[in-house]
Peer 1: 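Quick one: this structure, given as structure tokens, is what I'll be asking you about.
Hydrogens, waters and symmetry mates play no part in the numbers below; they use all other heavy atoms, side chains included.
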Amino acid sequence: MNQQISPPLTHCDPVTLEIVRGAITAAQREMEALIERTAISAFIREKKDFYTALFDSEGVMAVGSMVPIFGDMTGPVFKRFPRETMCEGDLYWYNDCYGSQGAVSHSNDQVLLAPVFRNGRLCAFVMGWAHFADIGGLRPGSISPDTKEIFHEGIIIPPTKLVDRGTLNEGALAIFHRNSRFPEQSAGDMSALMAAVDLGVTRVAEIVDRFGANVMADGLAQLLTRTRKLVRRKLAETFAYGTHSFTDRIDSDGHGGGPYALRFSLTREKTDGDDRFIFDARATDDQAPGPINFLMNPGVPGMALGLFYLGGDASQVCNAGGPMALDEVRLREGSLVQPKWPAPLGMRGLTMMRTLSALNGLVNTAGGSAPASHAAYVIAIMRGTFTAKDASTQPYLLADGIGVGYGARSFADGIDAVYFVAQENYPIEFLELGYPIRLREYGIVCDSGGAGRHRGGVGIAREYEILADTSVLGIRIDGVQNPPWGIAGGMGGGSGKVVVNPGLPNMRELNPLSDGNPLIKGDILRIETGGGGGHGHPFDRPSGAVLNDVLGGYVSKKFAAQLYGVAVTDRQINLHETARLRAVRPEVKAFHRKEYVDVLD
């Protein structure tokens, strides 16, 4: 009896599509778990400053972490190493910001990319990315407000073949680690990142073997199309025909420049076919002498808007469908978001965070419902020496990224004390065990969240006692002169600050974006981070919620009465006084930053 062999499937049906989606998401998350559990440096292991992604055979991102600052990660490698020249067992590496057109946006971030082959066919790509603690440069940690060019920020790696058909380029790695002040950390982190990518290759190959290369390729294409259509539909619901604009500002570049304006617009054009959506940042101010320049990849605006519209929907995946939803991205060379080589980029996090805030403002200006503005997460870098138990003098490097308050939403309060996406604040035990410091206080900053029907998230207070023999502090705080804005009647968030020896005769307040600040043994360093903007009129916040804020330490009694019109006496609401305070309702406008305005400019 003759048996007919069915031809291999080429179409991914709806049920299989969801299984493929779950499988590639699981593979991506397993890669991240491996990095977290095997990396050496604190910024990767504890802070979780890493990222993984899977791409289709053309190099288009199919699934990645929910981090809205990345664009085309594979293109820089393809320019130098065309896909048709790649082989099984190859591994590619770069950290070149300008060479990648901002796909990686400061030099500490190392990118590894590997092709996935099955039966001689190129089926996919796997990427791992992580922030390395020190790669050389002007100061330990490689990022500093003092830098004036990218050469001050450490070694630059153009797209390089790190592994050729399974053979490691040991010389390239040796050069890289030799440029680090902490080479053992560097080597350990690179091993973790390489192992994660290798795991990703194995897992994706297993998925291809299970479903077939054609079915997987069709499934990835369907996921991209699904995301693109969803984002374009949401854009059409938000943005009417015409041009919508928003301006936000950054305080300083640390070199005397500033403030710097980010001016974004989004235009919806009617055509004979599909509508066109055009993002334009060309009106943004010129690049800065200092390191706050953000070399924004053209894929970033669409990725950020896409993640906003996906809204954490577990049935969706973060992929290139967001960037593909925009028809054009217009950037101006020489601007703060498209600086010319070799402008410094190390502190680009300020501008990146303000960019995300400005995109929220753009959505709100068009009539959408994005959150109010958030503060930019704070970076404190302490470097110096301490006396070890064996009486030897040892160097130390503590790069502490500290969380902030995020903007309130139209339906809920802002998130309190968050660093960025899934990244975390260092716990006290880890800090005190690993570094020559003692943490005297770790808590929230009262009254830092913008008042509103929904309160802005609050910032963090950290107070360190310096136990090291010598220390130099670099600090990055923004939003002092231009704090996070509130929306729809909500008030702006509070500002951060950094003080040495608070309340003592030798107290001094430091420049919020500065380096070279000396600290001596016994000094007390207090850092307070900013809060997010509020949403809605503060008098519309239920008095019970205000009472809970007061009892929880989020809002003071003074601000409860002054901003919310709620009087609290003996841990209870004073109903008579509250009625009197709320009888006169203050007038509000669309935005608030120190004062109410109709348009931020």
Side-chain angles (χ1 to χ4, degrees), residues 29 31-53 64-70 95 104-112 128-135 139-144 153-154 180-182 184-186 188-193 196 346-350 352-353 356 374-383 396-406 415-437 439 442 457 459-462 464 473-478 496 525 527 529:
R29 291 176 179 172
M31 291 171 63
E32 293 191 338
L34 179 58
I35 295 174
E36 178 185 346
R37 294 170 185 172
T38 59
I40 301 299
S41 65
F43 226 72
I44 302 176
R45 189 180 75 250
E46 296 291 335
K47 180 62 64 182
K48 299 178 176 51
D49 196 351
F50 54 77
Y51 176 79
T52 63
S65 305
M66 295 292 184
V67 181
I69 57 169
F70 295 100
N95 77 341
V104 56
S105 54
H106 72 176
S107 299
N108 290 74
D109 297 341
Q110 309 302 311
V111 177
L112 298 183
W129 164 103
H131 176 107
F132 278 50
D134 184 272
I135 59 167
R139 290 188 181 274
S142 307
I143 55 176
S144 165
E153 297 172 348
S180 174
R181 297 173 178 87
F182 300 89
E184 292 182 356
Q185 275 192 14
S186 179
D189 289 344
M190 185 60 78
S191 294
L193 195 57
M347 293 283 168
R348 95 306 186 212
L350 293 184
M352 176 191 76
M353 292 297 287
L356 299 177
H374 49 259
Y377 57 84
V378 170
I379 299 291
I381 307 176
M382 291 177 245
R383 321 92 157 178
Y396 84 97
L397 169 64
L398 168 57
D400 194 1
I402 311 174
V404 296
Y406 278 68
I415 303 172
D416 301 311
V418 170
Y419 181 74
F420 184 57
V421 192
Q423 297 164 359
E424 300 178 0
N425 301 304
Y426 290 152
I428 295 174
E429 297 82 358
F430 168 77
L431 283 172
E432 294 187 343
L433 282 172
Y435 300 97
I437 58 127
L439 219 59
Y442 178 28
I460 288 176
R462 278 202 195 267
Y464 313 79
L473 171 70
I475 187 72
R476 191 194 79 187
I477 297 177
D478 186 52
L525 173 67
I527 298 174
T529 72

Peer 1: When rounded to the nearest 0.5 angstrom, what distance separates CE in Met31 from OH in Tyr51?
Peer 2: 11.0 Å
Peer 1: For residues Glu153 and Ile135, report the shortest heavy-atom separation together with the two atoms involved.
Peer 2: O-CD1, 3.6 Å
Peer 1: Are any side-chain N or O atoms of Tyr406 and backbone N or O atoms of Tyr419, one a donor and one an acceptor, separated by less than 3.5 Å?
Peer 2: yes
Peer 1: Kindly give the heavy-atom pair with the smallest separation between Gly128 and Leu193, and that separation in Å.
Peer 2: C-CD1, 3.6 Å
Peer 1: Does the pair Asp400 and Tyr435 meet the rule for a side-chain hydrogen bond (donor to acceptor under 3.5 Å, both in side chains), with working shown?
Peer 2: CA-CA 11 Å; Asp400 194 1; Tyr435 300 97; over 6 Å; no
Peer 1: For Ser41, does its backbone N or O pair with a side-chain atom of Asp189 as donor and acceptor, under 3.5 Å?
Peer 2: yes
Peer 1: Could you go through the side-chain contact (heavy atoms from CB on, under 4.5 Å) check for Leu356 and His374 one step at a time?
Peer 2: CA-CA 9 Å; Leu356 299 177; His374 49 259; 4.0 Å; yes
Peer 1: For the side chain of Thr529 and the backbone of Gly459, is there at least one donor-acceptor N/O pair under 3.5 Å apart?
Peer 2: no
Peer 1: Please answer whether the main-chain N or O of Ser107 pairs with a side-chain N or O of Asn95 as donor and acceptor at a distance below 3.5 Å.
Peer 2: yes
Peer 1: Ignoring hydrogens and angles, tell me if any N or O in the side chain of Arg139 forms a donor-acceptor pair with the backbone of Ser144 under 3.5 Å.
Peer 2: no
Peer 1: Find the distance between CD1 (Ile44) and CD1 (Ile35) and round it off to the nearest 0.5 Å.
Peer 2: 7.5 Å
Peer 1: Would the distance check show the side chain of Glu36 and the main-chain N or O of Lys48 forming a donor-acceptor pair, the cut-off being under 3.5 Å?
Peer 2: no
Peer 1: With side-chain contact (heavy atoms from CB on, under 4.5 Å) as the test, would you mind laying out the steps for Asn425 and Lys47 before giving the verdict?
Peer 2: CA-CA 6 Å; Asn425 301 304; Lys47 180 62 64 182; 4.3 Å; yes
Peer 1: If we only count heavy atoms from C-beta on, is the Pro436 to Tyr396 side-chain gap below 4.5 Å?
Peer 2: yes
Peer 1: Quick one: does Gln110's side chain have a donor or acceptor within less than 3.5 Å of a partner on Asn108's backbone?
Peer 2: yes
Peer 1: Hey, could you give me the CD1/CD1 distance between Ile428 and Ile437, rounded to the nearest 0.5 Å?
Peer 2: 9.5 Å
Peer 1: With rounding to the nearest 0.5 Å, note down the distance linking OH in Tyr377 to CD1 in Ile477.
Peer 2: 14.0 Å
Peer 1: What are the two closest heavy atoms between Leu431 and Tyr426, and how far apart are they?
Peer 2: CD2-CD1, 3.6 Å
Peer 1: On a heavy-atom basis, which atom in Leu439 and which in Arg462 lie closest, and how many Å separate them?
Peer 2: CD2-NH1, 3.2 Å
Peer 1: If you compare all heavy atoms of Ala42 against all heavy atoms of Phe430, which two are closest, and at what distance to 0.1 Å?
Peer 2: CB-CZ, 3.3 Å
Peer 1: When you check the gap from the basic side-chain N to the acidic O, do Arg348 and Asp109 get nearer than 4.0 Å?
Peer 2: yes
Peer 1: Return the CZ to CG distance between Arg476 and Leu350, rounded to the nearest 0.5 Å.
Peer 2: 4.5 Å
Peer 1: For Asp49 and His131, indicate whether the former's side chain and the latter's backbone hold a donor-acceptor pair under 3.5 Å.
Peer 2: no
Peer 1: Of all the heavy-atom pairs spanning Gln185 and Ala133, show the shortest one and how long it is.
Peer 2: OE1-CB, 3.6 Å
Peer 1: Apply side-chain contact (heavy atoms from CB on, under 4.5 Å) to the pair Ile460 and Ile527, showing each step before the final yes or no.
Peer 2: CA-CA 8 Å; Ile460 288 176; Ile527 298 174; over 6 Å; no
Peer 1: Could you go step by step and tell me if Met382 and Leu525 meet the side-chain contact (heavy atoms from CB on, under 4.5 Å) rule?
Peer 2: CA-CA 11 Å; Met382 291 177 245; Leu525 173 67; 3.9 Å; yes
Peer 1: Treating His106 as the side-chain partner and Gly346 as the backbone partner, does any N or O pair qualify as donor plus acceptor under 3.5 Å?
Peer 2: yes
Peer 1: Quick one: does any side-chain atom of Arg383 pair with a main-chain N or O of Leu397 as donor and acceptor, under 3.5 Å?
Peer 2: no
